[in-house]
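A quick write-up on the structure given underneath.
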Amino acid sequence: MNWGSASEFFAMGGYGLYVWGSFGVTAAALLIEVGLVRHRLAAVRRGLRRELAADRDTQD
Amino acid sequence: MLRAHGLACDRGDRRLFSAVDLCVSPGEWLQVEGANGAGKTSLLRMLAGLSPAADGHIEWDGRPMGEARDDYHARLLYLGHAAAIKEDLSALENLQTAAAIAGRPLDEATALAALRRIGLKGREDLPARVLSQGQKRRVALARLLCSQARLWILDEPFVALDVAAVTQLCGILDEHLARGGMLIFTSHQAVQLAGSGATLKLSASTHPRAGAEPREVAA
Amino acid sequence: MLRAHGLACDRGDRRLFSAVDLCVSPGEWLQVEGANGAGKTSLLRMLAGLSPAADGHIEWDGRPMGEARDDYHARLLYLGHAAAIKEDLSALENLQTAAAIAGRPLDEATALAALRRIGLKGREDLPARVLSQGQKRRVALARLLCSQARLWILDEPFVALDVAAVTQLCGILDEHLARGGMLIFTSHQAVQLAGSGATLKLSASTHPRAGAEPREVAA
Amino acid sequence: MSQRLVNWFKFASPASFYPLAGKMWPWFAALGTVLAAVGLWISFFVAPTDFQQGEGYRIIFIHVPASWMSMFIYCVMAFWAAIGITFNTRLSGMMSSALAPTGALFAFLSLWTGALWGKPMWGAWWVWDARLTSELILFFLYIGYIALTAAIDDPRRADKAGAIVALVGVVNVPIIYFSVKWWNTLHQGASVSMTKAPTMAATMLWGMLIMALAFWMYSIAIALYRVRAIILERERHTTWVAELPEMQR
Amino acid sequence: MNAFIAIVRRDLLLAARRKSEVFTALFFFMIVVSLFPLGIGPETAMLRRIAPGVLWVAALLAAMLSLNRLFAADHQDGTLEQMSLSPTPLAVLVSGKVLAHWLTSGLPLVLLAPVIGLQFDLSARALGVLMISLLLGTPVLSLIGAIGAALTLGVRGGGVLLSLLVLPLYIPALIFGAGAVEADVAGLGAGGHLSLLGALLALGVFFAPWAATAALRIALE
Amino acid sequence: MNAFIAIVRRDLLLAARRKSEVFTALFFFMIVVSLFPLGIGPETAMLRRIAPGVLWVAALLAAMLSLNRLFAADHQDGTLEQMSLSPTPLAVLVSGKVLAHWLTSGLPLVLLAPVIGLQFDLSARALGVLMISLLLGTPVLSLIGAIGAALTLGVRGGGVLLSLLVLPLYIPALIFGAGAVEADVAGLGAGGHLSLLGALLALGVFFAPWAATAALRIALE
Ligand code: HEM
Ligand SMILES: Nc1ncnc2c1ncn2[C@@H]1O[C@H](COP(=O)(O)OP(=O)(O)OP(=O)(O)O)[C@@H](O)[C@H]1O
Ligand SMILES: Nc1ncnc2c1ncn2[C@@H]1O[C@H](COP(=O)(O)OP(=O)(O)OP(=O)(O)O)[C@@H](O)[C@H]1O
Ligand SMILES: [Mg+2]
Ligand SMILES: [Mg+2]
């Protein structure tokens, strides 16, 4: 174990800004990407369901 | 001889037409008819080999288009909505380069004669930019007068022409047919051509999904 | 009322026409006829105030064009060979921005209704790029349906339209005339319009030098 | 043999790949999460403080894997592009475009973390070193691919155009890399050269490798997930999509 | 006023339709800037010296590249004719188009410039001055550019001719803009340069739409 | 072969018709180059250092600017359709267009470069190397550019997208080209750089027309 306390952990020996800037942005970027893709898939599905429902209506 | 079977065309989410059969033999013409947006231009481009068919196949002289492509293109003249006219070149230069690109260079005398016959006398050396709409079309049509191609595919050749020019163009087309040429064209105006021919009616399908579509009436 | 007197037009070292007189009153149409290159487009652009006349003068409601220009433009709708269609915008957006530029914004419902009436149902949201030739023209013509302009100047409005659309357009023009509108147009096709009207024949002069030219028959 | 080929083409059809991808991505995602957890644990709690760089060096655990991924994904894209051009399969174009945003993201992360590392270590956010410059150019290549395919409406045309860009680019990446390298070394002693950790501590190496594996799994999972969306967008009007269970409500 | 807003909206819509357009202009700027270190060499001291000049020249070129689009498309498809027939004065519509051009091509540069300045190792203060100089200067580029774009409309070889006409006119903006940053880097005040740039802007706002309109009328007839 | 010559002749004719076109490309080059002393400051030593880089970047940009014209006009007016229907293979016609492009945009730069190099106080030897490097390098720019021009054909926002695609690929040519002159100025041999540039050219001549043709076919269908 390298760290005596939580604050020491977050300070990263004075490099906190840089280290957390890297890890944080990476984590955020990956999460945002996942969110965007989920949104995209959901949007396609929603549009498709609406279209199919409209089709069924016109067929009846 | 050009023969096509079961052609279909998709644009965006629409199937424009499907199961189109056609056949054009020497000396015959085929007029493609249909409302605006029915797919006439799309069909003609497909037949010229400019865009792929969604379905069906095309044969030239009994060979599938894939094999016969080079021979086919050597014997084809296609004129679309865009007439390949360079605004900065004169009528004469336009005609000569068009012919050279098509692989059949023209000498100046022949080119000049063709331009005069099509009614551009005195305008041979004006840049196409200043020509009127109908005169630009005539520059493009002058290619027909010097063409030895066996098959002409013309997309609305009569557009923007005045009455005299329409009659003259009909005469040119008749000559081509009489020489044993083949002709496929579209027009929203009624046209009287000699020789035997047929009409292909494309009716715009409104069904939005690709799939089984009522068969179109072929020639 | 639009009245012109002694109009002349020079292009290059040619005098295309001269001494053209014309007069259009409410409810009347004027068809400008002539062979390709006779100067129809040039005349229409002159009347719309887009290019200066080599000679003669134009009056709007009795006032010379110089004075009346702003009022004139507020009441004019001009459609030329180029239809001001943006390929990247949808039919609906094209119609709406054209109207806004002309100073008479359209709400979406009206615009959609106009597009449907002109036969673009289901194509309202396609980018103009993928529309067929005739459909593009229809987008431009949809402006007529929402226009309150008193004078329409239309350069070959029937070009590229199918038969049904030609009939429909004639109906639209008739309505406009019945409302007391004025209409100046060109066409190489024969057109049947209700209301009173006249024909102005421009014959291409072959005389190469600007100068005294036989007077053209005016309406 | 031909049986095999037929099988391949069966999976290369979007209709059968869509459910397959749906089954596979959760596994890769789970694996990626576990690996990332292990990797992060190693990078913060196992790997010792560097005696030269202090704690700042811990950026290495994402910087290096991200750089590797950015280069690797481009090669994979080019691979799919080549397949698409030779066999004319629709799926390959979709795979390329599913990978591109992730690749661009990793290129960006490589630049970002590198800059954040450079400031404390070199005193500058950026230097015109060969590796940095070619990573920047790689980023531009990704953006070019994405911008071009986004600007073409017809997806089939977009795929083909994208395939050409990817192939031309992959031929050029090594040329660019070496040209920049020579440029940098030919006319001046490298003012800054990357601190080549001579004997990297084994734990560090392990941490980096595990993080790299985690990024791999992430990339595969997200690409499979995105390709499902792309398939649905493009095959909207086929009957198989209409018959999908999730479309029946 | 309605037509003015309609024009701005339409041009922004067109830019948005070409989704990537704004971004690609930005990346063009970034790439051109990165070309210089590659052509010249990587020493930081040298790069810091040439940074203001390089950044400003790149901004100039980015603005100029997008000028072609300003009127050409509208001319070709007849929209310009329609604009000149509109009851709204043409100069107002032209101003609308210039504003839209700046919003899509100038403003993004202003926002991106500091990031790129970092690559050239500029100080925070110098970055601030750079942004202000671009904020004042890029509208001048759009305004002057509009005159050039209108003059070369429908003229053969327009694209290159345009740059020939416009680049010399850009020179004052370049000198004051790059000068402001250099003065700041050298420890002198940037105020003088910036106020000259502001004066240029005021001049441009008053005269450029008028001149561009006159040029358009020539192209139209 | 006939069609190849016809294409080259036609494109040269078109360039001659737009009389000023070749000259304006040249002037663009000159103006961009002269912007730098204005943006950076007039010290000779510094200018001599940055001269090869600046000259080459300007050449790059001049070549790139004229790329828009390469296929766009032919696409719009239907000439490209006609070319693809010609019995002559499309790749041959494309090579013809690339050759014409180089003759009108690359070659003049090669001839003008020494004059401009003088302004930056380069030695006669360095000027020679500059010319050779441009002679080998500008065809590479035309060749690679053709791929980009074909890819962005008929694409929304083509102009700027084109530069985004093409500029990164230009970088090796830039590095070797500017590097050759710098090496010569520094007293090292320029041979290595020049032969690498030659290799690039050979690569380009073989692959670029093929790739451009493939891209054109996509735009056409
Ligand atoms: C924006 C700045 C940076 C960029 C774009 C960048 C880019 C890259 C790339 C592309 C690689 C993979 C190269 C390969 O495997 O051949 C890499 C590896 C590496 N980078 Fe960076 N880097 C940057 C800054 C830094 C800094 C500041 C440091 C440390 C002081 C650093 C240390 C390393 C190390 C140790 C490796 C892995 C070792 C190796 O493979 O040789 N990088 N970087
Ligand atoms: N992406 C798309 N989505 C939906 N429909 C499309 C799309 N692209 C093209 N279309 C439609 O395809 C048709 C193309 O028709 P084409 O140009 O072949 O018509 P045409 O018969 O030549 O008509 P015209 O007589 O007007 O020239 C048009 O109806 C157009 O609306
Ligand atoms: N610089 C010039 N030198 C000689 N003639 C010119 C010049 N510029 C234009 N012309 C001629 O002026 C005429 C322009 O005619 P315009 O476009 O008005 O014809 P139009 O009646 O509309 O014909 P169309 O029915 O073909 O549309 C053409 O005959 C053209 O050849
Ligand atoms: Mg058509
Ligand atoms: Mg006309």
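Order of the sequence lines sets the chain letters (A, B, ...), proteins ahead of strands, with each chain counted from 1.
Scored by the side-chain hydrogen bond (donor to acceptor under 3.5 Å, both in side chains) test, Gln133(C) finds no partners at all (sequence neighbours excluded). Residues forming a salt bridge (Lys or Arg N to Asp or Glu O under 4.0 Å) with Glu156(B) (at least two apart in sequence, or on another chain): none.
Counting heavy atoms of neighbouring residues, nucleotides and ligands inside a 6.0 Å radius, atom CZ of Arg3(B) does not exceed 12 of them.
Looking at Ala164(C), there are no atoms closer than 4.5 Å to chain B (heavy atoms on both sides), in backbone or side chain.
Side chains of Leu126(B) and Arg14(C) form a contact here, defined as non-hydrogen atoms less than 4.5 Å apart.
Ranking Ala165(B), Gly119(B), Gly134(B) against chain C, the residue ahead of the rest is Gly134(B), based on heavy-atom pairs under 4.5 Å. By number of non-hydrogen pairs under 4.5 angstrom with chain B, the leading residue of Val130(C), Val163(C), Leu161(C) is Leu161(C).
Contact annotation for residues 135-149 of chain B against chain C (heavy-atom separation below 4.5 Å, listed by residue number): Gln135(B), Arg138(B). Listed in order of number, the residues of residues 183-195 of chain B that approach chain C to under 4.5 Å between heavy atoms are His188(B), Gln189(B).
Remark: side-chain polar atoms of Asn36(C) are not paired, donor with acceptor, to backbone N or O of Ser132(B) under 3.5 angstrom.
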